[in-house]
Amino acid sequence: MKRAAFAIPGDINTVTGGYIYERRLLEGLRAQGREVEHVQLGATFPAPSPCVMAHAVGTLGALSPDRVLILDGLVFGAIDTSGLAKVPCPIVAMLHHPLALETGLSAADAAWLFKTERDNLTLAAHVLVTSPYTADLYTREFDVDPSRITVALPGTDPQARSRAPSDPPLILSVGLQHPRKGHDVLLRALAQMTDHPWEAVIVGSAHNPDHAAMLADMVDALGLGDRVRLAGRISSEALDELYGRAAVFALATRFEGYGMVFDEALTWGMPIVTCETGAVPQTVPADAGRLVPPDDPGAFAAALRSVVSDGALRGRMGAAAAQAGRRLPTWDDTARIAGTVLDAL
């Protein structure tokens with residue numbers, strides 16, 4: 001088995017889909033009996049200070065050439081190309097989606113990230129991505145040969161799920177408090193549904209204080225304070241309790257390279273209301289979800305209302321979701337695919 005190093009910025013225990021994926025992949029590769037060094041880089045990627053950039057270039061350049069380097073996408077797409085060229089071992093780029101597609105970037109920042117990631121891809125021995133959609137995106141937009149790309153879908157933990165939806169119906173949303181996740185769109189949609197009984201909880205850490213404060217202000221301004229709770233980061237036990245009593249999973253995302261929270265909702269047998277963007281149509285089965293255009297609170301409210309108000313529809317969608325959830329890969333499958341890539345280099 002090939003020895004490897006897995007370079008990840010910041011705290012590996014950060015609760016976002018990307019960090020959960022990479023932590024579980026690291027654990028899975030080690031469970032194969034493989035020696036994988038965890039290399040922690042500066043947390044500010046993809047916007048590193050000169051000091052953080054220099055540390056990353058120096059750390060990666062000092063790796064043993066007999067290892068394969070798996071490099072997290074937040075670093076890979078933003079690290080200095082001349083510095084990346086000094087890495088002495090084969091590089092596997094672990095990419096969740098192109099950094100230039102992040103919501104809220106200026107035109108100049110998006111152009112810089114696109115060029116940097118495209119240039120750095122010429123230095124990668126192989127590319128790991130989390131969805132067929134993302135693989136196609138890198139082939140079309142970044143000219144990466146499809147033979148250099150491998151899809152390793154996120155895994156799930158097969159286990160018995162028990163649900164007892166509450167009354168009034170609970171609408172659950174899980175996602176980082178970040179502009180890309182569209183919680184502002186969800187709040188505007190909920191404000192159009194106040195004639196119907198429901199409660200809602202939005203779970204997810206704050207990406208930055210300003211956006212979190214904006215969402216809190218929106219809850220108050222829209223008069224939703226007695227029906228919507230911004231829960232922030234909560235324990236896995238508390239999240240399981242919410243999944244167990246929620247009637248609908250709702251995420252008004254503006255873009256997803258995969259969307260691991262949808263898999264979680266499927267394994268719980270939950271109807272899903274979300275947006276037709278990125279990899280979402282490939283991730284959420286048509287009979288388990290209602291997909292609407294992004295950035296359209298009216299369309300989102302209409303879809304959400306149709307599911308919340310119709311128990312029979314929720315039952316059919318939930319059964320389809322549970323069936324799809326049982327077909328999802330495990331984390332062992334994810335690690336097996338990635339391990340095959342490492343050994344082929």
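None of these values were measured; they are calculated from a predicted model. Residue numbers start at 1 and run along the sequence shown.
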Are F76 and V127 in one and the same hydrophobic cluster, where Ile, Leu, Val, Met, Phe, Trp and Tyr link if side-chain heavy atoms are under 4.5 Å apart? yes
Which heavy atom of P165 sits nearest a heavy atom of A247, and at what distance? CB-CA, 4.5 Å
Is a side-chain donor or acceptor of T274 paired with a backbone partner of L251 at a separation under 3.5 angstrom? yes
Nearest non-hydrogen partners of P9 and G42, listed with the distance: CB-O, 3.1 Å
Are the side chains of F6 and H38 in touch, meaning some heavy atoms are under 4.5 Å apart? no
Between the side chains of D263 and Y258, does any donor sit under 3.5 Å from an acceptor? yes
Looking only at heavy atoms, the pair that brings P197 and V308 closest together is O-CG1, 4.3 Å
Scan side-chain atoms only and decide if D333 and T330 contain a donor-acceptor pair under the 3.5 Å cut-off. yes
Heavy-atom pair with the smallest gap, counting every atom of L153 and P132: CD2-CD, 4.1 Å
Please report the C-alpha distance between M270 and V248 in whole Å, then the side-chain angles of each, then the deciding distance to 0.1 Å, and finally whether the side-chain contact (heavy atoms from CB on, under 4.5 Å) criterion is met. CA-CA 6 Å; M270 291 184 62; V248 183; 5.6 Å; no
The test is side-chain contact (heavy atoms from CB on, under 4.5 Å); show your working for L266 and T156 and say whether it passes. CA-CA 10 Å; L266 292 173; T156 57; over 6 Å; no
Using 4.0 Å as the upper bound for N to carboxylate O, is an ion pair formed by R140 and D136? yes
D287 bridged to R316 by N-O distance under 4.0 Å: no
Check whether R290 reaches the backbone of I272 with its side chain - one donor and one acceptor, N or O, closer than 3.5 Å. no
So P154 and W331, do their side chains get closer than 4.5 Å, heavy atoms only? yes
Residues R24 and D157 bridged, charged N to O under 4.0 Å: yes
So W268 and Y243, would you call those rings parallel, tilted or perpendicular, with 30° and 60° as cut-offs? parallel
Do the side chains of D240 and R245 get close enough for a salt bridge, i.e. N-O under 4.0 angstrom? no
Tell me if a side-chain donor or acceptor on R30 pairs with a main-chain N or O of V36 at a distance below 3.5 Å. yes
Nearest-0.5 Å distance that lies between atom CG in L187 and atom CG in D217: 11.0 Å
Check whether T122 reaches the backbone of R118 with its side chain - one donor and one acceptor, N or O, closer than 3.5 Å. no
Determine yes or no for a side-chain-to-main-chain donor-acceptor pair under 3.5 angstrom, with E117 supplying the side chain and A100 the backbone. no
Verify same cluster id: I149, V341 (apolar side-chain graph, 4.5 Å): yes
Between R227 and W198, is NZ or CZ placed under 6.0 angstrom from the six-membered ring centre and within 45° of the ring axis? yes
Side chain of N120, backbone of G77: donor and acceptor closer than 3.5 Å? no
Quick one: does S131's side chain have a donor or acceptor within less than 3.5 Å of a partner on A279's backbone? no
Closer than 4.0 angstrom, basic N to acidic O: yes or no for R314 and D310? no
V201 and V203: CA distance, side-chain angles, deciding distance, side-chain contact (heavy atoms from CB on, under 4.5 Å) verdict: CA-CA 6 Å; V201 178; V203 175; 3.9 Å; yes
Residues E256 and K181 bridged, charged N to O under 4.0 Å: yes
Working to the nearest 0.5 angstrom, can you tell me the gap between S205 OG and I234 CD1? 10.0 Å
Where do P285 and A324 come nearest, in terms of heavy atoms and distance? CG-CB, 3.6 Å
Atom pair NE2/OG1 of H196 and T194 - distance to nearest 0.5 Å: 11.5 Å
CG (L63) and SG (C89) are apart, to the nearest 0.5 Å, by 5.0 Å
Run the salt bridge (charged side-chain N to carboxylate O under 4.0 Å, His left out) check on E199 and R229 step by step: do they pass? CA-CA 8 Å; E199 59 176 330; R229 177 163 65 97; over 6 Å; no
Mark yes or no for whether Q177, through its side chain, and H207, through its backbone, hold a donor-acceptor pair below 3.5 Å. no
Within the distance-only criterion (no hydrogens, no angle test), does the side chain of H126 pair as donor or acceptor with the backbone N or O of V92 below 3.5 angstrom? no
T116 vs W112 side-chain heavy atoms within contact, under 4.5 Å: yes
Is there a side-chain contact between V52 and F45 (heavy atoms, below 4.5 Å)? yes
Would you indicate whether the side-chain heavy atoms of L71 and L60 approach each other to under 4.5 Å? yes
To the closest 0.5 Å, what do you measure between NE2 (H183) and CE (M214)? 10.0 Å
Linking I/L/V/M/F/W/Y whenever any side-chain heavy atoms sit under 4.5 Å apart, do V280 and L176 land together? no
H96 side chain near L74 side chain, heavy-atom distance below 4.5 Å: no
For residues I8 and L41, determine if any side-chain heavy atom of one lies less than 4.5 Å from a side-chain heavy atom of the other. no
Between R3 and E37, does at least one N-O distance fall below 4.0 Å, as a salt bridge requires? no
Residues R161, E264; criterion salt bridge (charged side-chain N to carboxylate O under 4.0 Å, His left out); working and verdict: CA-CA 11 Å; R161 306 287 199 184; E264 186 75 0; 3.7 Å; yes
Minimal heavy-atom distance between A303 and V292, with the atoms involved, is CB-CG1, 3.7 Å
Measure the acute angle between the ring planes of F142 and F114, then classify it against the limits of 30° and 60° as parallel, tilted or perpendicular. tilted
Quick one, R254 with D184, criterion salt bridge (charged side-chain N to carboxylate O under 4.0 Å, His left out). Give me CA distance, side-chain angles, the key distance, then yes/no. CA-CA 11 Å; R254 292 181 166 97; D184 55 318; 2.8 Å; yes
Heavy-atom distance under 4.5 Å between the side chains of I20 and T14, does that happen here? no
So how far is it from D295 CG to T253 OG1, rounded to the nearest 0.5 Å? 10.0 Å
Could you state whether L304 and V185 fall into the same hydrophobic cluster, counting links through intermediate Ile, Leu, Val, Met, Phe, Trp or Tyr residues with side-chain heavy atoms under 4.5 angstrom apart? no
Any donor-acceptor N/O pair, T283 side chain to G259 backbone, under 3.5 Å: no
Using the rule that Ile, Leu, Val, Met, Phe, Trp and Tyr join whenever any side-chain heavy atoms are under 4.5 Å apart, tell me whether L101 and Y21 fall into a single cluster. no
